[in-house]
Every structure is written in C-alpha cells, then in structure tokens.
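Below you'll find the structure, written out as structure tokens, and then a few comments.
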Amino acid sequence: MTTERARISLSVAPAYTGSELLAVMSARLLKDGQTVFAGVGIPLLAAILAQKTHAPGLTILFEGGVIGPFVEAGKLPPSTNEQRCSRRANMLVSITEVLLLLQRGYVDVGFMGGAQIDRFGNLNSSFIGDAENPKIRLPGTGGGNDIASLADMIVAMKHEKRRFVEKVDFITSPGFLDGGDTRAQAGLPAGGMFRVVTDLGILGFEAESRAMTVLALHPGVSAADIKANTGFELPVPDDVEVTPAPTPNELAILRELDPEQLYTA
Amino acid sequence: MTTERARISLSVAPAYTGSELLAVMSARLLKDGQTVFAGVGIPLLAAILAQKTHAPGLTILFEGGVIGPFVEAGKLPPSTNEQRCSRRANMLVSITEVLLLLQRGYVDVGFMGGAQIDRFGNLNSSFIGDAENPKIRLPGTGGGNDIASLADMIVAMKHEKRRFVEKVDFITSPGFLDGGDTRAQAGLPAGGMFRVVTDLGILGFEAESRAMTVLALHPGVSAADIKANTGFELPVPDDVEVTPAPTPNELAILRELDPEQLYTA
Amino acid sequence: MSIPSYLDLRQKTRARDRSLRDKVMSLEEAAALVADGDSLAIGGCTASRTPMAMIWALIRAGKRDLEVSRSIVSTEGDLLYASGVSRHIITSWFSQGIVWGVSKVMRAYTESKRARFEEWSHMAMGLRYRAGAMGVPFMPMRSMLGSGVLDRTEGAKTMECPFTGETLLLVPALNPEVAIIHVQRCDAYGNAQIDGLTFMDIDMAMAANKVILTTERIVSNEQIRRHPDQTKIGFFTVDAVVEVPFGCAPHECYGLYEPFYTHMDLYAQMTARDADTGAKAYLDRFYHEPKNWADYLSRIGMAELLDAQRRGSGIYDD
Amino acid sequence: MSIPSYLDLRQKTRARDRSLRDKVMSLEEAAALVADGDSLAIGGCTASRTPMAMIWALIRAGKRDLEVSRSIVSTEGDLLYASGVSRHIITSWFSQGIVWGVSKVMRAYTESKRARFEEWSHMAMGLRYRAGAMGVPFMPMRSMLGSGVLDRTEGAKTMECPFTGETLLLVPALNPEVAIIHVQRCDAYGNAQIDGLTFMDIDMAMAANKVILTTERIVSNEQIRRHPDQTKIGFFTVDAVVEVPFGCAPHECYGLYEPFYTHMDLYAQMTARDADTGAKAYLDRFYHEPKNWADYLSRIGMAELLDAQRRGSGIYDD
C-alpha cells in the first residue's frame, strides 16, 4: 500500500519518523510488571523501549512460543517465529501453549499493528475489498484473532482515512464488534480494545457505546487533522491532551535497536 | 486377602510358582512388534520375558510416562512411576500424554492384574462389598480404567472363586459391561477384553454374548478344577487345549529378573 | 463440584503479581500462603517427586480441611488424613505402593467415613488439570464411560459429539487454589527445570491460582536463560520458591535419589497393626518433633540418605 | 470438512507398523509415501524449521492436489501453489514474512481463485492438531468467536457450555494423512530431539496417520536413550527418516543456521514483478534443475550457507 494522507501542517519538521513516534507513544502505555503479547515491528520495538526506560519488569511474549526473551540491538527478528526472538528467553513453549496463556488469562496486554480498523476497534488483516472477490488477499490473522479475542489490546498503526474506516471489510481480529455488549454476547467476555496509537494521536473507546474516541493528540496535530484522516465520525474533546514529544533518550534507544530502520523507516 | 482355593490334584508338584506360571503364560500371548501398556508386577515381568524370548520388538509403555524402557534385572520398580521404570527408555512424556496414546489408538494391548473379575470381564479394584459401605476400600483404578476402556486387554490374575464372580461389586475398569454390545453402547467402541490368564488356564470371551469361556487349561488342571474355582457358569469345551508347561529357559529368565521374588513369590 | 466462571478465573489470575521478581522464602513462609479450606494440588506421582517438605510444613502449621488432588497418592495421603490437614482427597489410586499392600491408614479413614477418597480415572485427573491449564471448562475424553467410577464422581457429563454423533465424556476443569510442586532446580523467580518424568506437574502449575515450588537447588536466572527450552514451569505461574535439599524424602527425586525403601518399610510396619496410633506415632516422631528439615532427615538417617542418593544418581550411569 | 469416526481413525493407526525398526530412506523414497490428494501437514513455522528438502522432493516428484496445513506459511506455500502440488492451504497466516511485504505469489493464486487459502486463527490451528493428537473429535476454545474468520471456515461449531452456560467454540480435529517435520537430530527409528522452538510439531506428529522426519543428523539409539526426556517425537509415530543436512534452507533450523536472508531477498525480487513467471523461474532454477540436494545448496551458494550457519550457531554464544 502507498500512503495517502490528508495534509497536516506542522510548524517545524519533526526530528523523528512516524514509526518512531508510534513506537515511543506505544511504549509509554506499557506498565512495569505487565505481561505483553507482542507482534514484531513497532510492538516489539515499543516493548523493548519500555523495558529500557520505565518498565524494566515488563515480560514480553511472542507467538512463536517465547516467554521473556532478550532481543539484541541490531538483530531484530523478521517474524516472531525465528530463533532471534528466543535469545536468552526465560522459557520456550509450543505455539499452542503460548497462545493458551492468553486464554488462561496470564497476559495483560496484546500489542499489534493493523492494516484496517473501524469505529469499534475491529481489525482487518485478511481482505481488502469483498472477501469473496478481494482486491487484495492479505496474509491473515496469525495470532491476531486469538490475541484480540483474549487480551486487552493496544494497536499501533498509521493514521490514514482508508485504514480508519466506518466498517472493516472483514473482521479478522475482533474489537467491540458492533459496540455495546455485542463482544461479550458473541462469547468474548474478556479483553477488548484498550488503546489505538497512531502517528496523529492516542485513541480510546467509550465505556458504553464502545465507539472510538480521541484521548490525546501528538505535538503539532490538530483536531481537524485527525478528523480529516479518519473515515468515520471521531469525537475530539475540546480539552484534549497533547502528548509530550519523543525524548532524545527514547529516540536514541530506538535507533540503537533498529539501526537499519527495518521497522522504523 | 488370604488365598482360598478349591482343591486341585496335580500328579506332580510343579517346578514353578503360580505367579511364574502367570507370567510365562501371559508372555506367550504378546506378539513381536506390538505396543503393550503394562502395569508393574506380573504384566511387567511377562512383557520383559516376551522381549527376551519371541518378541524382541515389543514396545512397553508405563503409565508414569515411559515409552520403551529397559528394566534392569534385580531392579524392578515398586510402581510405574519411579525412575527405575524409565531407565534407557526411548522417550519420557507426561502421564496425561502417555494415557492419551491409548486414546489415540497407538497401543495394541493393555496388560494388568486384577482383584475381582466377572463373567463379562469387568474388573474391580476399588471396593470389596458395597461401595457406599465397603468391607475393604481398595486403592482404585489408577490407569486401569483408561487402559481397559481404550485397549485390547490381557488380564493376569489368580484363579479363585471369590475373584471370579458373577458380577463385580464395582466396575472399576470396564470389560464388556453387561455383554453383547453394551460396551459400545456406553461409548466404548474400541478395545475390550481379549484374554484372562490365570494359574489354572487361559480364558477368552465369546464373540456374540461376550461371556467368559475357557480356551486352554494349564498342565494338570481339569475342567472340573477350573469350574470349581469360578463363581459363575464357565463353559469348558470338550476338546479344550492344554498349554505347554513353562520351559526352563522361561523360568530362568524370570528368576534372573526378579531374584528377590518381589512379584513372583 | 462447581466450575468458576471464566471471568472469575481470569480475575484471580489478573490479581497476581506475575512479574519477574525474587520469590525465595522459607517453608514456613510458603505454608502461610495456604489457607484452611483451600483446594490443593500436589505434584509428582506415587513415591516420585512428592513435595514432601512442603506437606511436612503444612502438617506442622496445622492446616485444616484442604481439598487435596493428585495424580496418584501414596504415604503423603495417609499423613494428610491422619493429621487432619485433609479429609477429602481426589485421585486415581491411593495406597503406599503395590509392594506394601493396601494402605491401612487410607482404609481406616475411608472405611470409617472419617475421610473421603474421590476416585477418578488417571487420564481424567490429567485432563481435568489440562482443562484448567487451558482456561476452558472441560476436556472431552473417551474413558470412564460405563464404569462405576463415573457413577460415583460429581461433575462429569456425557455428551453426544456434534461432529461424529459418538458418546463422549466431558470432565470438568480443575483449577486448584494452590499447587505445590518439587523440582530438581529453578531460579529465584520460579523458572523451573524438571528432569525425567514430569507427571501432571506442567498442566497443574498452569491450572492453579497459586504455585509454591520447592527445589533441590536454586540456580541463577542466567543458567536458565542459556537453555530456555528446558524450562518446564515458567516464573509467571509461580508465587513462592523454597530451596529444600532432599525435599521429597522418603520418596524419590528423579536422578538425585530413589525412594528411601528401608524407611518406607518402617512406615508400613508402624501403621500395619493399628493405623490410627501408628500414624500418630509416625507424625510425632518425624513431623512434629524435628527441630527443622535437617533434623527430619537425620531421624530418617544418614546411611539411608546416602544409599538413596547412590541409587538415584545411578540412572545416569549409562 | 469431515471428521473420521473414532473406529476409522484407530483402524488407520492399528494398520501401521509401529515397532522399533530402521526407517532410514532417501528423500525420493519418502516422497513415494505421499499420495496425490493426501492431506499433508508441514512442521515448523514461517521461515523456521520448514522441512524444505521434503517439500523440494514432493515438488520434484510432481505430486498433485495435496490439502496442505501448517501453523504459518511462508515461501514454501508459494511454491506449493506454483508447482501445482497444492491448491488448498489451511493456515493462519500466509506470506513470505513481514519484512518482505505481502507475497505476490499467494496473492496471484488466491485472488484469481486458482488456489484456496483457508484461514483459521493460529490457536485454532494448534488446537485442531491437538484434538487430532488426543484422539478426540474437537477441542473447546474461546477465540475466533464473533469474527469473519469463523464465518469463512468450515466445520467449527459453537456450543453452550454445559458447565458454565458460556459460549464456546469447538474446533474439529485435524488428523492429516501425512506430516512432514524437520528436526535437528533423531535416531534411525525416528526418536527425535528438537532444540529451541517446537511450534505445533509435537501435536502434529501425534495427529498424523503417517510421519516423515527429515533430520540434520541421524544419531544412535544409545544417544537417545541416555536422555529420553529430550525425545520430543517418539519412534512409534514415525514412518520414514531421511538425513538431509541444511534441510530447511533457505529457512532456518534453530541453533544450526538462521534464514539465508540474501536468498530470501532474491526470491522476493524474482517474484515481485510477475508472480507466475517469477515463481516458475525460481522453481526451474532451484527445484527442477539441481541434480540433487547438494546441488540445490550450491546454487544458493556456499558463502550464504556459511553466513547462515555462523548466525545460527550464535544463539549459543552466551
């Protein structure tokens, strides 16, 4: 996919890429002592960044079967299933077992990227267009469906109108389905969308309706900017917070982790 | 329990104990290449004897989680859950996994002892007397119920009237339940009693009624002897076979295995 | 027999501190994590890897009315009955061991109805822990059907399989409040390696709402991380780590010591004539009177300990 | 989607020679054990421990219409489509790998409906193999509910839990006709040790009606028996053992070699512009033209092999 973005006027050019912003803002949402089921890319970078800043006791899980690894700077894995993911882990288990940790309730936060999301936080990574005659067949759920069904979710993604849609083409990983209590009604009483982190702001979900709402905007981003890049009605409170910009320390850690900008270009 | 046995007249005193006879006769029923789920005691001795005579390719499983072990002569285990069971095994797995091998269909023969058996091969190792007010609380099923539910069974036991009863006090491990197709009707379409080996003879089960019948008598045992020691009507064909007596080689192997007569006294 | 709702089960897990932190404590401190009336799962099987030191500490602490479950129960079950720590044991087989005949203490307590021995098939026990470990309310299985064992248990249900029309048994999840498990080695966080037979311990640790590990030896987290594929129980399930050498005595610990057979014979003799007075005498001499665990081992005897160790390490002679 | 009856499943297992016997054979002999139309499960995950040499042999042998299943599918899925070996792949995720973008070959075949990519959740794949391994028709689980993924699969059923009243999903057992799995080492009988990540391979081996192991190295049965608790796949499930060094190239084999990244880039480049002609050119050059497996490795290149090996063994540097 190429990026198509409604124009945003920033007063000064930022000293970081959109991916770096995503990683920093996501990392800040993770709490010390939590157990995080992370995908590769931004989620992995953000989790390591959190470990190296405010959350040294964060436990990272990978769907390849890895519990509490140490990922080396400059040796980021191409997926969560290669040995690079497992270096100096506390424990390796089968894929089925690590996913069952989600079901047993051992995971605090699921953390992944997304191709398409809708008002109720449903994610699509399977089909662009009609599933029967798709314009693009995407790679599919992997562990995404399981993670989103069973854990509190943080999603990190680029904020573009065609990604933030009224209704996803296909529900690969469930958010709040049709809002309200429809998720629990479908047999998913636990977990659900917690935060969506984008390069424009931080989003949450209203307690009753379960519709997406803006919690904070990143430095230099206006309410109009974020609305213009969202394909559905997105409420922005008048007194919306502004996130503190990424610090030099955060950026330095990220750049050491991913010197070749595999995931942060 | 003390032994109470209707008198049997043997022309000459046998050169082996009843337990040795059981072990030898059971061993001969095992075929090369089979997988046998064995209890300790006579079943274990018989399985090793078969390996050392006609069935070198026999695979022994123990419910402690042991696949294909090598049990050392003179170091017989006190149960199937101690490390002595696992010496030089091909594989160790959890208890649940080794029992699931039965359910998956990987086991040819289940092989155990029994305290009480009835006409349809049901076994009791839980209660003597009424289960609500038992005369004796026995140790229970262990893996017995699972083995008898899921594999073709060989049972080795002493032939006494109070052990061979019309109806067991309690069905710990299912045989053919009430005979006919009642076993399959209960949800047990596979496995079932194959042979009962006693110190008097070898018993099988009729194809239709599933009632116990005599297939062979041991040397010096008459049809009247076996009937007198059985608590239900037990048909003995006129031309019933007589088993060949234990050979010196078979006995020598057994005595080397169990020099302290832990299981063959 | 009731199954917790999924949200209740998750709530208990969520409330635990599951982070990588030092959990080393004494037997007495660990015993304080067990409340009267708790359901308690015991690792190991028969006379193997029984967490005897932890059971010893629970008896000394005077716990009451624990609902105990284990794959197969040996002498520790007798002592749990006789001490009053438990009057309800859920297992597939309960006696000292085949070579010692039927346990007199088990018989005395169950036949007089002073205690309950709830019998499930061995696989049912395993699958009940597994369902608990997986966070589902049941496992389907194909044994126990048609038997008296099924008739006398509470909570299993038969179903017609919606895929094949076959009859299946659904056995209910077991999520014990506390599991006590002994291992050969673990780190201070509770990452445990188990050599040899694992029995039902891995599922049990995942199923429980709290796990107390006793261990022959505490090793560094660095050592664990060099072979993460050898970690059998993960730190995140563990709430307490207690280092207790010979923590299974007089039972065995795979690769380290075999059962203390002479002492097992002594126990059988002491309880053979009169189960009640015999068990009381045994408890006094080996459970209540010793000053500490080393004193308990001393009373079993140094020669026995050395012999058990020699036999135990022999498994690696090949 | 149909589940075999229990008796049919057992009959297939019973008919196998499950004894401890030498099963060593060539890739070509092993390929002959797979029939056109068989269901085939592939071990490993994404670019890890993929039994690439066996897939290479199946493609060279011109197999047709295999119904393939795997935890996650990478380049080998493209090649199975493009060669015609399979037109139906059951998995949770299918693309070369995140860093290479969405697979052009997967897209070309599925979007044109020349091939089917049947998507299940990752855990559903694992539990389907597990149900198959356990000899039950289904496993209960708590994900996939409410999603489009569930709507498009065949054979899963929701149920109201008879214990809790909760909604559960029952996913059907997967008992593939053949499983192909690559391991670091095994003996001639098929007792296999796996280092590092095991993915879904252990359940898969138990679930399948036939197992072909490829292995980096065949070791003695004596070596296996010295550490029986390290055996992950037992001989009794295995029907063929083939020794193939670098048998996962250009994917990785834990502890021995990482992915051959330069070659993975080459593959992505070759298939980037035109998926059909690119895949055909790749198959010709690396699958059909090589004289043998060593020639295949030569075409990938010695420098690449040495680099992958150096990186692979680095996991044990600590």
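Throughout, protein chains are lettered first and strands after them, A, B, ... in sequence-line order, and every chain is numbered starting at 1. A quick note: this is a predicted structure, and the numbers were derived from the prediction, not measured. Any value given below was found using the heavy atoms of this structure, including those in side chains, with hydrogens, waters and symmetry copies removed.
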(message) How close do C:Leu170 and D:Phe163 get, counting heavy atoms only, and between which atoms?
(response)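 Closest approach of C:Leu170 to D:Phe163: O-CZ, 3.6 Å.
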
(request) Taking all non-hydrogen atoms of both residues into account, name the closest pair between D:Phe138 and C:Leu168 and its distance. (result)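 Looks like CE2-CD1, 3.5 Å.
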
(request) Please examine the side chains of D:Met159 and C:Pro162, heavy atoms only from C-beta on, and report whether any two atoms are closer than 4.5 Å. (result)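 Side chain of C:Pro162 against side chain of D:Met159, heavy atoms only: no contact under 4.5 Å found.
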
(request) Enter the distance from D:Met134:CE to C:Met141:CE here, rounded to the nearest 0.5 Å. (result)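 The CE atom of C:Met141 is 9.5 Å from CE of D:Met134, to the nearest 0.5 Å.
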
(message) I need the C:Arg142 CZ to D:Arg10 CZ distance, nearest 0.5 Å.
(response)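 So the gap between those two atoms works out to 9.0 Å.
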
(request) Tell me, out of C:Thr198, C:Leu127, C:Thr164, C:Val136, who's got the most heavy-atom pairs with chain D below 4.5 Å. (result)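 Answer, by heavy-atom pair count under 4.5 Å with chain D: C:Val136.
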
(request) Tabulate, in ascending numerical order, the residues of residues 217-232 of chain C having at least one heavy atom closer than 4.5 Å to a heavy atom of chain D, or enter 'none'. (result)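 Residues in range: C:Arg226, C:Asp229, C:Gln230.
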
(request) Look at D:Ala131, D:Pro140, D:Ser5 and state which one has the largest set of heavy-atom pairs under 4.5 Å with chain C. (result)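 Maximum pair count with chain C is reached by D:Pro140.
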
